[in-house]
Enquirer: 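Okay, here's the structure, questions in a sec.
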2 protein chains.
Amino acid sequence: MATHSKRTKIEDIRRVELIAAAHRVFLEHGLHGMTSARICREAGMSPGILAYYFKGKDEVLFGMVRYNNRLLMEDVIARLKAARTGWERLEAIVEGNFPASAFTRPIANAWLSVCAEAGVNPQYARLQRLFYRRLRSNLASVFDGAAAESRLREASFIIAALIDGLWLRKAAADDLGRDEAISLVFSGISSLLGDGEERRLRHPAV
Amino acid sequence: MATHSKRTKIEDIRRVELIAAAHRVFLEHGLHGMTSARICREAGMSPGILAYYFKGKDEVLFGMVRYNNRLLMEDVIARLKAARTGWERLEAIVEGNFPASAFTRPIANAWLSVCAEAGVNPQYARLQRLFYRRLRSNLASVFDGAAAESRLREASFIIAALIDGLWLRKAAADDLGRDEAISLVFSGISSLLGDGEERRLRHPAV
DNA sequence: CAGAATCTTGTATGAGCATACAAAATTCTT
DNA sequence: AAGAATTTTGTATGCTCATACAAGATTCTG
């Protein structure tokens, strides 16, 4: 029908606006403080609007998490494409996990609240697992050319856990900055890899 | 007055029973699922009893967190006393952070839910910070004799973050066991410390 | 044992929230 | 512009939960 394209357009606009608003509320107040009313207020709309464009709050929520993950991943993927050496790919992954000006206590807390919810809600757990699998396989693919097979799983496990732990620490104590966190991760990587392995990564052969 | 000793006794008993029940509920359902009604049911009492023995739910909650931390710390402290070499002290700290048969997905989730809450509630944040300071200073005191001054802060930072990250991973993916986690931490420690440093730790001179 | 003190129960109240929905406002169609 | 389709609003409903409290049960005291 003729009206179809128009209707779809408005609907898509509103959905995106609401999800973006939800994202802002989420980053500021965490999952728990992300109420329907607040989302609508943040979007400058009336409280009832959510029910019109979404089946329920969960739909907004999952949309928001996907939105968030997409934002994070875009950066990593772009940098991975541009990388010429294994080391550069490593930098892309590690720094992508500490997005500039997003390594903040409120954001760390927000992320943490999702992890906590994932323990209860299987839907969240699924999203979370997807995200982790990607990080891990990215790391593994970089180490692949450089490290001994036996260390591969171990090293990417440790680095992935280290990254998470630093975020957690950011949330709990807020006593380290982004650059410091990144340099700690590289410090860990350098220790885990032998000198030869690290040298191989710096070689421009992907 | 004459009745004082008796009243105090019952009151103490009930408070402990309720806090222990709260702890059990907490480990099973996380912070969010720890409702007043569930705590009382778990303790085999009526729903109204909480208000009689506690000023509010928060009091039960903080009592429960303290109870939990005490349980964890007792084990670590006992093992630290018995340790003869620096390496043994390290083992006490690391293994104390993965209590036997407590490295479980529900428990990891429960712990995570406290971390998330600490981001919102300053009271929790205080308890959390206390706990972290202790872990960190324990680690630092072990490394103290063995590692170069410049690496000391860095290494204890990394190991503390690694431990947290492994718990987080347990909550998110549940794809590693207690022994595996511990061996990953030691693997990280070995990499971070030079051979000489590690050898010094194994020497029985505390 | 009677009466008082203490303990325990079950329920009532009210706050905060997601969701449903009727009615108002806007936009589209002809 | 009139009427239809849609979008938006504000509010009502019902749920879960913490907390308050009246009334009942138990234990203590003399």
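Numbered from 1 within each chain, the chains take letters A, B, ... in sequence-line order.
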Enquirer: On the nucleotide dT8(C), are OP1 or OP2 found under 4.0 Å from the side-chain N or O atoms that Arg14(B) carries?
Expert: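 Arg14(B) to dT8(C) OP1/OP2: side-chain N or O found under 4.0 Å.
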
Enquirer: Could you tell me the separation between the CD atom of Glu11(A) and the P atom of dT8(D), rounded to a whole number of Å?
Expert: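 Atom-to-atom, Glu11(A) to dT8(D), this comes out as 11 Å.
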
Enquirer: dC17(C) P sits how many Å from Lys57(A) NZ, rounded?
Expert: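 In whole Å, dC17(C) P and Lys57(A) NZ are 9 Å from each other.
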
Enquirer: Rounded to the nearest Å, what distance is computed from the CG atom of residue Asp58(A) to the P atom of nucleotide dC17(C)?
Expert: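 About 16 Å, once rounded to whole Å.
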
Enquirer: What's the closest nucleotide to the Pro47(B) side chain, out of dT11(C), dT19(D), dC17(C)?
Expert: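 Side chain of Pro47(B) sits closest to dT11(C).
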
Enquirer: Would you call the rings of Phe98(A) and Trp167(A) parallel, tilted or perpendicular, where under 30° means parallel and over 60° means perpendicular?
Expert: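 Parallel, since the angle between the ring planes stays under 30°.
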
Enquirer: Quick one: sort the His23(B) and Tyr67(B) rings into parallel, tilted or perpendicular, breaks at 30° and 60°.
Expert: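 The rings of His23(B) and Tyr67(B) stand perpendicular, inter-plane angle above 60°.
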
Enquirer: Count the heavy atoms of every other residue, nucleotide or ligand shown that sit under 6.0 Å from CZ of Arg134(A), and state whether that count exceeds 12.
Expert: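 Counting other residues, nucleotides and ligands, CZ of Arg134(A) stays at 12 neighbours or fewer.
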
Enquirer: Indicate whether OP1 or OP2 belonging to dT8(C) is found under 4.0 Å from a side-chain N or O atom of Tyr53(B).
Expert: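 Checking dT8(C) against Tyr53(B), a side-chain N or O does come within under 4.0 Å of OP1 or OP2.
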
Enquirer: What's the closest nucleotide to the side chain of Thr35(B) if the choices are dT9(D), dC17(D), dA18(C)?
Expert: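 Among dT9(D), dC17(D), dA18(C), the one nearest the side chain of Thr35(B) is dC17(D).
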
Enquirer: May I have the distance from Ile10(A) (atom CD1) to dT27(C) (atom P), rounded to whole angstrom?
Expert: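 Between P of dT27(C) and CD1 of Ile10(A): 9 Å.
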
Enquirer: For the pair made of CG in Leu50(B) and P in dG10(C), what is the distance, rounded to whole Å?
Expert: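 Going from CG in Leu50(B) over to P in dG10(C) covers 15 Å.
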
Enquirer: Considering just the side-chain nitrogens and oxygens of Ser46(A), establish if one lies under 4.0 Å of OP1 or OP2 belonging to dT8(D).
Expert: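 No.
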
Enquirer: Report yes if a side-chain nitrogen or oxygen of Tyr52(A) is closer than 4.0 Å to either non-bridging phosphate oxygen (OP1 or OP2) of dC21(C); otherwise report no.
Expert: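 So the side-chain polar atoms of Tyr52(A) never come under 4.0 Å of the phosphate oxygens OP1 or OP2 of dC21(C).
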
Enquirer: Between His29(A) (NE2) and dC17(C) (P), how many Å, whole number?
Expert: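 Whole-Å distance recorded here is 11 Å.
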
Enquirer: Take the protein atom CD1 of Ile49(A) and the nucleotide atom P of dA22(C), then report the distance between them rounded to whole Å.
Expert: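 It is 17 Å, rounded to the nearest whole Å.
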
Enquirer: Let me know the distance between CZ of Arg41(A) and P of dA18(C), rounded to the nearest Å.
Expert: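 Going from Arg41(A) (CZ) to dA18(C) (P), I get 12 Å.
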
Enquirer: Once you round to the nearest 0.5 Å, how far does CG of Leu201(B) lie from OG of Ser190(B)?
Expert: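 With rounding to 0.5 Å, CG (Leu201(B)) is 10.0 Å from OG (Ser190(B)).
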
